[in-house]
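Sequential numbering from 1 along the given sequence is applied to the chain's residues.
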Amino acid sequence: MKKQLLTISTILTVFTLKAQNKILTAKDYERAEQFLSYNVEPLVSGTAVYPNWTSGERFRYLVNTKNGKEFLLVDPAKKSKVAAFDHQKLADALSKATGKKYEPYALPFQNINFADDEQSFQFMADGQLWNFNVSTNTLAESKSAAGRGSAGRGGAMNRMGGYAESVSPDGKKAVYIKDWNLWLKDLASKKETQLTFDGVKDYGYATDNAGWKTSDRAIVRWSPDSKKIATFQQDQRHLNDMYLVTTNVGAPTLKAWKYPLPGDKEVAKLRRVVIDVENAKVVSLQIPLDDHRSSLSDDIVDGGQLADIDWNPDGTEFAFLSTSRDHKISKLQLANATTGAVREIFTETVKTHFESGVNSINWRYLPKTNEILWYSERDNWGHLYLYDAKTGKLKNQITKGNWLVGRLIKVDEKNRKLYFTGYGREKGNPYFSYLYQINFDGKGLTLLTPEEGNHQVSFSPDFNYIVDAYSQPNVPTVTVLRDIKGKLINELGRVDVSKLTAKGWKAPDVVKLVAADGKTDIYGLVFTPTQMEAGKKYPVVDYIYPGPQGGSVGSWSFAATRGDHQALAELGFIVVLIEGTSNPMRSKSYHDMNYGNMGENTLPDQITGIKQLAEKYPIDIDKVGIWGHSGGGFATASALFKYPDFFKVGVSQAGNHDNRNYEDDWGERYNGLAENSDYAAQANQTHAKNLKGKLMLAHGMMDNNVPPYNVYLVIDALNKANKDYDLVLFPHSSHGFGANNPYMMRRRWDYFVKHLLGAEPPKEFNLRGTNQNQ
């Protein structure tokens, strides 16, 4: 009798639990999927303006209107904006030539190239190259490229026979690497000349290897006259190898490359050289070997070229920066390109790490006046300074105040004016970028883009006009044309989201919070379900990227979609992105708040921020999830290990869980040298035994950025601690997961739905792209 009662009780318990367990259907996932980019972007019109300038400073651009895609022609001098050509006649001509039906505002343009004479343009359509005459409205097949040409800026990258070329400023020649040596190619005659002869394996010329990324391109900086290049011979012979192993039927292939780590006795070294490409002469700079470092980031490449190099116009000399292994010392020097003699101009030493701008190198050599424009955070804010290049003495500080210079865009030496982006000077969100002008002497500071928002600007070739696109995360983009003084000339377009809002779409909320220190302002975004139930509390999912070279929000400009944040919210969550302390675009002290302890991962800011949001939003503070990729994967696992009573569910993707196992420059820049920082205490495997909640780990087995040994360390620690966890591995994926991203997204949704929402997800829902057999 007792046995029968126990059985009935068990059945009733199971039935009750099932009745309480919510089930999400495929329809629920389909509704969430409507908020992913491939469903949202087609409903957005009036997108970004990319001007195609002519020599007369008129420009064309493609705008996505309610009717479709239309090219417009703008004449700033006349303040006019008209159709760039007769779209209907082009559609008719193309239809007649191909036998296919084309609509005037749905033309399949590819690689469009306008001629400088404004009378014709070339484009690819359905695999064929065409030329359309605007004056006569005639279409003809084209067999060769024409129009503006491809010379342009020095250092442009082309491909040839498996090698990556660096093209000279005059577009007539290129250099490339072959068998660890540099070769020169005349682009007209195709003649090839060997420039160096002593390059050997792991001690080659212009080699591109930062450990976390490698390529076969030649890293050089051409002189403006296209006669010389500044480059290096990179010594990696003393470095250890990193290994990856392919997954395939039969014997795997071993992938090996040089990958220095924090704590290694030495890092890669650079023997700096100048090469006279016309005479195949190599001149070594008369300085010791430099560490593989720059003032830009954890690499020595800037826009495909060698960073921290600035030539004089005639190619006789150039200024360059040598940065110490720990980024604390930056030495500005001047090199004679003929003899290799080097003169030190000045040195800047900082307590933490030196950088010359926000994702931009902002120092310049001005040989005409023997001056140096310099960027420094010595007064706690990133500002510009003017130095005497002969004496190395400071002449004057140019910008000052509790705000910072972001990117130096233009140096007008003739009028002694500077044009640059700045952050934090205007009221409101400190992450909004504005364009400014100032004189060399620090006078005449002028705001050129006054509308509130994040401004993204570009300039006409002769620097007389500005194309300015401004927006906010919750305010769509407006693009305008201005003259160089900032005066508004014409509106070029507005992003129109009316079709989206008609379907229930809404922008995220922008929020201002207080950091864990109780006094510092921090900012973030909040995504809530488009249909919220009154009186209901929602689990919260915290998306995190802790930096310190960037943050969770990323761009503060408008975007109709930001990853899958809104889609995830539609499944029954409130999704938050909080820009924690120690990230850029603020003061130096703000950026350095976690210096030496990257294991902090802004997590105290995330916790206090979510608690503040729970006072305003219907958040269930007992159901907090977190996820992130790369540094966000590191932070996610750390959150569940260090704050297990707050973070209950986490999805950790491609995490650099122990920075002793991640490339040398990133860790040593923000954490300090291994002998000065406790890397072991910050490593996730050290704290894995504290896991209480549900943790999914995911990693690509061919990740050459954050090698998979990082996740193995955590797995090993969890196994030893007898902890349950979930694991997703992608045998062929690198750091970004590539084609596996839709699958990872679906698994992430399922994980939060099941373990945080307490619901059952639909089985193996097929997000677009997850079915590899389709």
Side-chain angles (χ1 to χ4, degrees), residues 32 35 428-432 472-475 505-547 551-556 559 562-583 586 590 593 600-628 632 635-636 638-640 642-651 693 748-749 752-753 755-758:
F35 291 88
N429 193 320
Y431 295 102
F432 288 167
Q472 301 177 40
N474 54 354
V475 179
W505 173 93
K506 64 178 182 179
D509 294 339
V510 179
V511 293
K512 180 180 178 181
L513 307 165
V514 178
D517 64 2
K519 58 183 180 182
T520 303
D521 291 336
I522 56 177
Y523 296 77
L525 302 179
V526 177
F527 297 79
T528 56
T530 54
Q531 300 174 10
M532 299 184 72
E533 298 179 28
K536 178 181 177 179
K537 287 201 170 184
Y538 291 82
V540 62
V541 175
D542 182 13
Y543 169 75
I544 185 171
Y545 188 81
S552 300
V553 173
S555 172
W556 285 87
R562 290 176 179 265
D564 66 332
H565 302 316
Q566 186 61 50
L568 183 59
E570 293 302 306
L571 297 178
F573 302 96
I574 291 178
V575 178
V576 304
L577 285 64
I578 297 174
E579 200 83 350
T581 53
S582 82
N583 284 326
R586 303 284 291 272
Y590 183 98
M593 286 179 79
E600 180 122 327
N601 276 311
T602 79
L603 291 171
D605 297 326
Q606 306 294 321
I607 293 171
T608 190
I610 291 171
K611 288 179 178 179
Q612 292 168 61
L613 291 173
E615 298 175 1
K616 179 180 178 181
Y617 294 88
I619 287 174
D620 187 343
I621 202 66
D622 294 321
K623 293 182 178 180
V624 180
I626 185 171
W627 81 275
T636 294
S638 182
L640 268 74
K642 294 181 179 178
Y643 303 95
D645 294 325
F646 187 82
F647 294 102
K648 307 298 173 53
V649 182
V651 178
R748 190 168 63 241
W749 289 10
F752 287 127
V753 165
H755 299 297
L756 197 61
L757 192 63

Rounded to the nearest 0.5 Å, what separation is found between the [atom1] atom of [X] and the [atom2] atom of [Y]?
X    : Y    : atom1 : atom2 : value
F432 : W556 : CZ    : CH2   : 7.5 Å
I607 : F647 : CD1   : CZ    : 4.5 Å
L613 : T608 : CG    : OG1   : 9.5 Å
D542 : F573 : CG    : CZ    : 13.5 Å
I619 : Q612 : CD1   : CD    : 11.0 Å
L568 : I574 : CG    : CD1   : 11.5 Å

Just wondering, do [Y] and [X] contact through their side chains at under 4.5 Å, heavy atoms?
X    : Y    : result
V511 : L525 : no
V553 : Y431 : no
K642 : N601 : no
M593 : D517 : yes
I610 : F646 : yes
D564 : R748 : yes
L571 : F752 : no
Q566 : T530 : yes

Nearest heavy-atom neighbours spanning [X] and [Y]:
X    : Y    : answer
S552 : L577 : O-CD2, 3.7 Å
A614 : I621 : CB-CD1, 4.1 Å
A516 : D605 : N-OD1, 2.9 Å
S638 : L603 : OG-CD1, 3.7 Å
L640 : P644 : O-CB, 3.4 Å
G551 : N583 : CA-ND2, 3.6 Å

Residues 513-538 vs ring-ring contact (aromatic ring centres under 6.0 Å, His included), sequence neighbours excluded, gives F527-H565

Around atom NZ of K519, are there more than 12 heavy atoms from other residues, nucleotides or ligands closer than 6.0 Å?
no

So, the side chain of [X] versus the backbone of [Y]: is there a donor-acceptor pair under 3.5 Å, distance only?
X    : Y    : answer
K648 : L756 : no
E579 : P546 : no
D620 : P539 : no

Hits for ring-ring contact (aromatic ring centres under 6.0 Å, His included) against Y643, two or more places apart or cross-chain, chain-then-number order -> none

>> For W749 and L757: C-alpha separation, side-chain torsions, deciding distance, then whether side chain to side chain contact (heavy atoms under 4.5 Å, CB included) applies.
In response: CA-CA 10 Å; W749 289 10; L757 192 63; over 6 Å; no

Going through the distances and angles, do T528 and K506 end up as a side chain to side chain contact (heavy atoms under 4.5 Å, CB included)?
CA-CA 9 Å; T528 56; K506 64 178 182 179; 2.6 Å; yes

- request: Let me see the working for I522 and T581 under side chain to side chain contact (heavy atoms under 4.5 Å, CB included), right down to the final yes or no.
  value: CA-CA 7 Å; I522 56 177; T581 53; 4.0 Å; yes

message: Could you walk me through whether T636 and I544 satisfy the side chain to side chain contact (heavy atoms under 4.5 Å, CB included) test, starting with their C-alpha distance in whole Å, then the side-chain angles of each, then the deciding distance to 0.1 Å, before giving a yes or no?
response: CA-CA 7 Å; T636 294; I544 185 171; 3.8 Å; yes

